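One structure is given below, encoded as structure tokens.
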Protein chains: 2
Amino acid sequence: MKDQDAKTLSNTQRAVRDLRRMILSGELAAGTDHLESELAETLGMSRTPIREAALMLESKGLLEMRPRKGVRILPVSSDDMREIYDILTELESLAAQRAAEAGYSEDELAVLAGSIAKMDQAIEAEDLEAWAEADELFHQELVRLGGNKRVEAIVAMMSDQVRRARATTLFIRPLPVKSNEDHRVVFQAISEGRPGVARERHREHRLQAQAMLCGILEKHRLNSL
Amino acid sequence: MKDQDAKTLSNTQRAVRDLRRMILSGELAAGTDHLESELAETLGMSRTPIREAALMLESKGLLEMRPRKGVRILPVSSDDMREIYDILTELESLAAQRAAEAGYSEDELAVLAGSIAKMDQAIEAEDLEAWAEADELFHQELVRLGGNKRVEAIVAMMSDQVRRARATTLFIRPLPVKSNEDHRVVFQAISEGRPGVARERHREHRLQAQAMLCGILEKHRLNSL
DNA sequence: GCATTAATTTGCGTATACATTAAAGAATGC
DNA sequence: GCATTCTTTAATGTATACGCAAATTAATGC
């Protein structure tokens, strides 16, 4: 397991993985600056792989490299949230449509169905962390079923950018009961092979999620997460 | 002018700019491999900035770094073209909608109008290069007016990826007369503030462009450009 | 005491060196 | 002649060194 670390992965790859983790977990807080040399020491490697990793994470929108000021972990404002959800709405709806067009078998839709089941259980148990994880899986799998690798990559990128903000709002927002119903409707449209319905239902789902999340952020003046 | 080169831009930035140029122009042909050291010599700098530039261009989907095999300039297949146009269709349509919602003044729409005028002139003169340039400007400006920076970045990235392929099909495809009409319709919807119409018209425009381009690629067996 | 300039520090950009390891080629055994 | 193993080559991944410019601090003049 840990062998993956030293053996197959290069230091640059490890740096990408670890820095990403630290950013998403909040260990590297939004808005904070970090010198390349600090990060290098923290991760136990030289500046070279750190710089390469930072460059990659910069193009994924997680941080920004500013000469002499260090690497800045990018905060997410409610405006950013809007931008990102606009994109997620469009691309995921497309994916839902394409998934419905593809005519997947029950087997092929098992993961998607499983993610919905997990969300139901999580709601039952009022376990928000588990719900969030299953929700993430649903959206990821939906996009995978859409069959467009680039959409997959973009959606993953956008999801990363809002993950911190989502984690924060998780305990403020209402219990996502409605959300689960939405997922079920989308799933049904896909399994019945109804592209138009899948697309539109998912679109509405995302628009509502966006309105809710941005509303919360603005109401609570959470303007950089 | 040339001062920008040595003065304000870092070698890494120059490498990004120059490599991108060379890829888009075909000077670095699709599917070819290039050692980091070769590229370094070509651009007159050390491997370090070349590696950094390559990393950035890799995340923009223009090339791929494969250990020991060198930097590979990514070809674009007709499947790639489909993926990319699917994304452009969704995101540009959103931009058209948002631009219409924004209620821009005539002044603010001047660049967009100008690009349409240029396309008309180009068609008149049967100057396809000029038409392509103006078309590029139209789409770029449309997305800018949409007001979503991330959409702008993604669309730019996708456009880069298909630029070579578009250049090739340019002289095979029919004269883009219909295309110009489409642009005018979209423009009108935006200037009249009709988001739904702008969105739908642009969507249809892109779907047609996609069908036409992918059709040509497949018909001519152009499967990696 | 304040502003302006000089000195110093510090972090980055980049060249360079080197260890590692995959790939290519040579040599050996059958 | 062919397969297999050993050698050699060569390209990468990474550490390191260093010049340069920005930022900070000290110093000087008023």
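First the proteins, then the strands, lettered A, B, ... as listed; each starts at 1. Quick caveat, the model's predicted, so the values are computed rather than measured.
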For residues 208-217 of chain B, which side-chain donor-acceptor pairs fall under 3.5 Å, sequence neighbours excluded?
{"unit_1": "B:Gln208", "atom_1": "OE1", "unit_2": "B:Lys178", "atom_2": "NZ", "d": "3.0"}
{"unit_1": "B:Gln210", "atom_1": "NE2", "unit_2": "B:Arg82", "atom_2": "O", "d": "2.9"}
{"unit_1": "B:Gln210", "atom_1": "NE2", "unit_2": "B:Asp86", "atom_2": "OD1", "d": "3.2"}

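Going from atom CZ of B:Arg72 over to atom P of D:dA11 covers 17 Å, rounded to whole Å. Summarising the geometry, the separation between CD on A:Glu41 and C1' on D:dT16 is reported as 15 Å, rounded to the nearest angstrom. Atom P of nucleotide D:dA15 and atom CG of A:Leu43 are separated by 11 Å, given to the nearest angstrom. Look at CG on B:Asp33: it is 14 Å from C1' on D:dT12, rounded to the nearest Å.
A:His183 and A:Phe138 have tilted rings, their planes meeting at an angle from 30° to 60° on a 0 to 90° scale.
Atoms OG1 and CD, on A:Thr12 and A:Glu52 in that order, are 4.0 Å from each other to the nearest 0.5 Å. Taking CG from B:Leu62 and CZ from B:Arg20, the interatomic distance works out to 7.5 Å, rounded to the nearest 0.5 Å.
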Original post:
Just by protein heavy atoms under 4.0 Å, how would nucleotides 10-17 of chain C read 5' to 3' in B, S and -?
Top reply: BBBBBBBB
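For A:Lys149 and B:Asp80, the salt-bridge test fails: no basic side-chain N is under 4.0 Å from an acidic carboxylate O.
Shortest non-hydrogen contact noted between A:Leu145 and A:Glu108 is CD2-O, 3.9 Å.
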